[in-house]
S.K.: 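Got a structure for you, written out below as C-alpha cells; questions coming shortly.
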Protein chains: 2
Amino acid sequence: MVGINEVAKAAGVSISTVSYALSGKRPVTEETRRRVQETVERLGYTPNARARALAGKQTRILALTEPLHEYTHAPTHMTFVLAASVAARRLGYDILLLTDEDAAPGMSRVALSGLVDGILVLDVAPDDVRADLARSLDLPTVFIGVPESSEGLVCVDLDFVAAGALAVDAFAEAGHRTIGLLGHAADAYEVSNFPPRVRDGFLTRAQERGLEAHFEPLSGDGSLALQVVHALDALLARGVTAIALHNGEDEHEVVLEAVARRGLTVPGDVSLISVGASFDTARLPVPMDAVPLVAQRSCDLAVELATDSATRPGVRLIAPELVDHGSIAQAPVADG
Amino acid sequence: MVGINEVAKAAGVSISTVSYALSGKRPVTEETRRRVQETVERLGYTPNARARALAGKQTRILALTEPLHEYTHAPTHMTFVLAASVAARRLGYDILLLTDEDAAPGMSRVALSGLVDGILVLDVAPDDVRADLARSLDLPTVFIGVPESSEGLVCVDLDFVAAGALAVDAFAEAGHRTIGLLGHAADAYEVSNFPPRVRDGFLTRAQERGLEAHFEPLSGDGSLALQVVHALDALLARGVTAIALHNGEDEHEVVLEAVARRGLTVPGDVSLISVGASFDTARLPVPMDAVPLVAQRSCDLAVELATDSATRPGVRLIAPELVDHGSIAQAPVADG
DNA sequence: TTGAAAGCGCTACCAT
DNA sequence: ATGGTAGCGCTTTCAA
C-alpha cells in the first residue's frame with residue numbers, strides 16, 4: 001500500500017501539501033498541484049479510508065435501515081434501495097445496509113460507534129420505533145416516508161394529498177364528472193399512512209370541483225384478481241368514466257385485463273390514471289398516465305438533507321407531477 | 001462521546017487493560033474484567049469504529065457488489081442480499097452496497113481505500129469482468145455463482161449438476177420412466193451458466209438410469225404464458241409422466257394453471273419438481289417438491305470464506321437437497 | 001496480570 | 001504558498 005508519505009517524498013513536497021493538493025481545502029500553486037497529481041497517478045495512490053475517517057471525522061458512509069418484512073414488496077423496495085445508492089454515490093457516499101428485523105439495535109450500533117455519517121430510513125411505518133430512536137441519536141437521520149409523530153425529524157415524501165388531487169384535476173379537465181379511486185386493501189387505510197392521504201386528497205378535491213367521486217378499497221377476501229375485479233365492478237356500476245388506481249403493479253394489470261374483458265377500451269370507454277406508483281406505468285399492457293412516486297427524487301433529496309449540516313427538522317413534501325401516456329380521454333358527452 | 005480514556009480513568013485501570021478486557025485478547029483478572037465491564041455499561045461506552053479500523057486493520061465491513069440490470073429479478077435478488085446481510089451480521093460484519101452498473105470502479109475504490117475487509121460478488125455472469133478484477137485486488141473476494149474462468153477465485157454455488165440429477169433420482173424412484181425438464185428461455189442456455197448445468201445433470205443421470213428424458217426450454221416468442229404452455233404441451237405429447245421445472249416463480253404458476261386447465265391433477269396425473277428455485281415452492285397454488293437454491297446456505301458459506309484468512313481459491317459446490325411437498329407420486333403402471 | 005507508549009495514515013492547525 | 005506536527009481513539013508491542 002503506497003501512502004501519503006511516499007507520495008510526498010516522490011513529489012518533493014510535504015504530506016500536508018499532498019493532502020491539500022488533493023482536497024483543495026487550501027490554495028496550492030498550479031505547478032505543485034500538477035506535480036502531486038501526477039505522482040499520485042504514477043504511484044497509484046489511493047487515500048486510506050480508515051485514516052481519513054479517523055482524522056477527518058467523517059466516514060462518507062450512510063446507513064440505510066430497511067427492516068425487511070414478509071409483506072415487503074421486493075421490486076418497489078429495490079427501486080428505493082437502488083435510488084438511495086445512486087443518490088449517495090453522486091455525493092461521494094457509500095451505503096451501509098441495515099436489514100435487521102428490529103431496526104433499533106443496528107441503528108444504535110452504527111450511530112454510537114461512529115461508523116456512519118448519517119442514516120436513511122426506509123419503509124417508514126406510522127408508529128415506527130425508529131422515530132424516537134432518531135430523536136435520541138444526534139446523527140443526521142432522514143425518513144423517506146412520514147411517521148405519525150414527526151416532530152423534530154427530517155422527513156421526505158411525495159405529497160400524496162396533492163397527488164390524489166392532481167389525479168382529480170386531470171380527470172376534471174378532461175370533462176369527467178363521475179370518477180372513482182380504486183385503492184389498496186382496506187386494512188392499509190388504517191395501518192399505513194399514505195393510502196388515506198391519497199384518498200383524502202382525491203375525495204376533497206373532487207368535492208371542491210363538484211365531481212361525484214367514489215372510493216373502493218380492495219376487500220380482504222378472495223384472490224387478488226377477484227378483489228380487484230370486485231372493486232372495479234362496484235365503480236363501473238356507479239357510472240364512473242374515469243378511475244384512478246392507487247395500488248401495486250399486479251393490481252394495475254388485473255384492472256387492465258378486466259376492463260378489456262368487459263369489452264371496454266382505454267381511454268375510449270374508461271380513462272385511467274395511476275397514483276403513487278413507483279414502477280413504470282408506461283410499460284403496462286396499456287401505457288397509463290401517472291402521478292408517480294419517483295424514488296430517485298425522494299432519495300436524492302434525502303441524501304442531500306442527510307449530508308448537509310444545515311438541515312433543519314421538518315417534513316419536505318415533494319410536489320407530484322403528471323406523466324402523460326394517453327390513458328385519459330375526453331369524457332363522453334353526458335345527457336344528464 | 002465517551003472514549004476509552006474516560007473508561008480507563010473511571011475504572012482505575014490503563015486503557016490497554018480496558019481494550020484487552022473487552023477484546024479478551026489477553027488474560028485479565030476476573031475482578032478487573034468485571035469492573036471494566038460495569039464501567040463501560042455505566043458510561044455507555046461504545047468503541048469508536050473509525051479508530052478501531054485504523055488501529056486494528058479491519059473495518060468489519062464487507063462489500064456486496066450487485067450490478068442491477070433491468071432484467072434483474074428483484075425478489076430473487078433481494079433474497080440474496082438479505083441472506084448475505086444476515087450471514088454477515090452473524091459474524092459481526094456489516095454490508096456495504098455496491099450497485100454501480102459497471103461494478104469495477106466501485107470494487108476497486110473500496111478495495112484500494114481499505115474501506116472493506118472483503119467482497120461478496122452477486123449476480124455472477126459467465127464472462128464477469130469482476131473475475132479478473134478480483135484476481136488483481138489482493139482482498140478476500142467470494143463469488144456467489146461461478147464465472148467461466150474461475151481459476152484463482154473463491155466461488156460458492158449450488159451444485160446444479162447434482163441438483164438436476166437429484167430431480168431425476170426422485171422421479172426414477174417413484175417409478176417414472178419418461179420424464180421432462182421444462183427450462184429457462186433458450187438464450188439462457190448460452191448466456192448464463194447454471195441452466196446448462198441443470199440440463200446436463202438431468203439428461204446425464206436420466207441416461208445413466210435408463211430413463212427417457214426430454215428437455216424443453218422456452219421458445220423466445222409470445223407471452224411468457226404462451227411459451228410455457230407450448231413447452232409443457234411438447235413434453236406431455238411425448239408422454240412424460242413427470243416434469244422438472246427449472247425457471248422462475250411465474251413459470252411455475254403458469255405450469256400449474258395449464259396443467260389444471262388440461263384436467264390433469266398433481267401429482268395424480270403428472271408429477272412435478274422444482275429445481276434451483278430460490279422462492280418457497282410450498283406456497284405455490286399446489287405445493288411443489290423442490291431441489292432448492294437456498295440463498296442462506298450460499299451466503300453463510302460465502303461470508304465465512306470471505307472472513308477467514310485461511311481460505312484457499314477453489315469452487316465450493318453446495319450439495320443439493322430434496323424438499324418434499326407431495327408433488328411426486330408413483331408413476332402409473334406402464335403397459336409398454 | 002498490568003501499564004506505558006508507539007504507531008495506524010491521514011487532516012488540519014500553527015508556523016513561516 | 002508551503003512545511004512541521006499534534007492529534008483522531010483505538011490496538012498491540014514492549015517492559016515491568
Side-chain angles (χ1 to χ4, degrees), chain A residues 1-37 39-40 43-61 92 109-117 139 309, chain B residues 1-37 39-40 43-61 92 109-117 139 309:
Chain A
M1 262 318 44
V2 26
I4 199 174
N5 278 292
E6 296 152 69
V7 175
K9 203 161 299 171
V13 295
S14 72
I15 66 165
S16 52
T17 297
V18 173
S19 178
Y20 287 121
L22 292 177
S23 72
K25 291 187 182 176
R26 187 166 89 171
V28 168
T29 318
E30 178 53 24
E31 149 68 11
T32 310
R33 205 199 55 68
R34 257 210 6 269
R35 192 145 37 85
V36 169
Q37 187 57 44
T39 312
V40 162
L43 301 186
Y45 166 70
T46 309
N48 183 298
R50 310 205 262 250
R52 214 182 244 239
L54 182 56
K57 320 206 161 294
Q58 48 171 297
T59 60
R60 303 215 67 103
I61 298 176
R109 184 173 53 81
V110 297
L112 296 175
S113 68
L115 221 198
V116 302
D117 295 341
L139 193 74
S309 59
Chain B
M1 260 319 45
V2 28
I4 198 174
N5 278 293
E6 296 154 68
V7 175
K9 202 162 300 173
V13 296
S14 71
I15 66 165
S16 54
T17 297
V18 174
S19 178
Y20 287 121
L22 291 177
S23 72
K25 291 187 181 175
R26 186 167 91 170
V28 168
T29 318
E30 177 54 23
E31 149 67 11
T32 309
R33 204 200 56 69
R34 256 210 6 269
R35 192 146 35 86
V36 168
Q37 186 58 44
T39 311
V40 163
L43 301 187
Y45 166 69
T46 310
N48 182 298
R50 311 207 262 251
R52 210 177 244 231
L54 181 57
K57 320 204 160 297
Q58 47 171 298
T59 59
R60 303 215 66 105
I61 298 176
R109 183 172 54 82
V110 298
L112 297 175
S113 69
L115 221 197
V116 302
D117 295 341
L139 192 75
S309 59

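Note on naming: letters A, B, ... go to the chains in the order of the sequence lines (proteins, then strands), and numbering restarts at 1 for each one.
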S.K.: Between which nucleotides of DNA chain C, read 5' to 3', does contact with chain B run, using atoms under 4.0 Å from its heavy atoms?
M.R.: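 For DNA chain C, the relevant span reads C/dT1 to C/dG9.
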S.K.: In whole angstroms, how far is the P atom of D/dC10 from the CD atom of B/Glu6?
M.R.: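 These atoms are roughly 9 Å apart.
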S.K.: What's the CG-P distance between A/Leu115 and D/dC10, to the nearest Å?
M.R.: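 So the CG-P distance, A/Leu115 to D/dC10, works out to 13 Å.
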S.K.: As a test of reading the structure: which of D/dC8, D/dT13, D/dG9 is closest to the side chain of B/Tyr20, going by heavy atoms?
M.R.: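 From the listed options, D/dT13 comes nearest.
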S.K.: Salt-bridged, A/Glu31 to A/Arg34, with N to O below 4.0 Å?
M.R.: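 Here A/Glu31 pairs with A/Arg34 in a salt bridge, since their nearest N and O are under 4.0 Å apart.
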S.K.: Is it true that B/Arg33 and B/Glu30 make a salt bridge, defined as a side-chain N closer than 4.0 Å to a carboxylate O?
M.R.: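 Salt bridge: yes.
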S.K.: Measuring from A/Met1:CE to A/Thr46:OG1, what's the distance to the nearest 0.5 Å?
M.R.: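 These two atoms lie 6.5 Å from each other.
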S.K.: Choose from D/dT5, D/dT12, D/dG9 the nucleotide whose nearest atom is closest to any side-chain atom of A/Ser16.
M.R.: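 In terms of side-chain proximity for A/Ser16, the closest of D/dT5, D/dT12, D/dG9 is D/dT5.
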S.K.: B/Thr32: which residues meet the side-chain contact (heavy atoms from CB on, under 4.5 Å) condition with it, sequence neighbours left out?
M.R.: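 B/Thr32: side-chain contact (heavy atoms from CB on, under 4.5 Å) contacts with B/Val13, B/Thr17, B/Val28, B/Thr29, B/Arg35, B/Val36.
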S.K.: So how far is it from B/Ser19 OG to B/Arg26 CZ, rounded to the nearest 0.5 Å?
M.R.: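 So the OG of B/Ser19 and the CZ of B/Arg26 are separated by 9.0 Å.
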S.K.: Give me the bend of the helix from C/dT1-D/dA16 to C/dT16-D/dA1, using the axes of the five pairs at each end, rounded to 10°.
M.R.: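 Between the first-five-pair axis and the last-five-pair axis there is 40°.
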S.K.: Using heavy atoms to find the nearest nucleotide of DNA chain C for B/Val28 and B/Ala55 separately, return the residue whose nucleotide is more 5′.
M.R.: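 Whichever sits nearer the 5' end wins; that is B/Val28.
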S.K.: Which part of the nucleic acid does B/Thr17 contact within heavy-atom distance under 4.0 Å: base, sugar-phosphate only, or nothing?
M.R.: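 It contacts sugar-phosphate atoms only.
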S.K.: Give me the atom names and distance for the closest heavy-atom approach of B/Gly44 to B/Val2.
M.R.: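 It is O-CG1, 3.7 Å.
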S.K.: At their closest point, which heavy atom of B/Leu22 faces which heavy atom of B/Gln37, and how far apart are they?
M.R.: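 Looking at all heavy atoms of both residues, the closest pair is CD2-OE1, 4.0 Å.
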S.K.: Take atom CD of A/Glu31 and atom C1' of D/dT2, then tell me their distance rounded to the nearest Å.
M.R.: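 My rounded result for the distance is 13 Å.
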S.K.: If you assign B/Ala51 and A/Pro27 each to the DNA chain D nucleotide with the nearest heavy atom, which residue ends up on the more 5' nucleotide?
M.R.: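 Its nearest nucleotide lies further toward 5', so the answer is A/Pro27.
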S.K.: Just verifying a value: how many Å separate B/Ile61 CD1 and A/Ile61 CD1, rounded to the nearest 0.5 Å?
M.R.: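 Going from CD1 on B/Ile61 over to CD1 on A/Ile61, the span is 4.0 Å.
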S.K.: Could you give the distance from CG (B/Leu54) to CZ (B/Arg52), rounded to the nearest 0.5 Å?
M.R.: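 That separation rounds to 13.0 Å.
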S.K.: Counting the atoms with a prime plus P, OP1 and OP2 as sugar-phosphate, which does A/Thr32 contact under 4.0 Å by heavy atoms, base, sugar-phosphate, or nothing?
M.R.: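 Since only primed, P, OP1 and OP2 atoms lie under 4.0 Å of A/Thr32, the category is sugar-phosphate.
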S.K.: Is B/Arg26 touching bases, backbone alone, or none of the nucleic acid, heavy atoms closer than 4.0 Å?
M.R.: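 B/Arg26: base contact, heavy atoms under 4.0 Å.
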S.K.: Without decimals, in angstroms, what is the distance between B/Ile15 CD1 and D/dT12 P?
M.R.: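 Answer to the nearest Å: 13 Å.
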S.K.: In Å, rounded to the nearest 0.5 Å, how long is the span from CZ of A/Arg60 to CG of B/Leu115?
M.R.: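 Reported value, rounded in 0.5 Å steps: 11.5 Å.
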S.K.: Can you tell me how far C1' of D/dC8 sits from CG of A/Leu54, to the nearest Å?
M.R.: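 Taking CG of A/Leu54 and C1' of D/dC8, I get 4 Å after rounding.
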S.K.: Of B/Lys57 and B/Arg33, whose nearest nucleotide on DNA chain C comes first from the 5' end?
M.R.: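 Final value for this comparison: B/Arg33.
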S.K.: Using atom NZ of A/Lys9 as one end and atom C1' of D/dG4 as the other, report the distance to the nearest whole Å.
M.R.: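 These atoms are roughly 15 Å apart.
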S.K.: If I take atom NZ in residue A/Lys25 and atom P in nucleotide D/dA1, what distance separates them, rounded to the nearest angstrom?
M.R.: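 After rounding, the reported distance stands at 18 Å.
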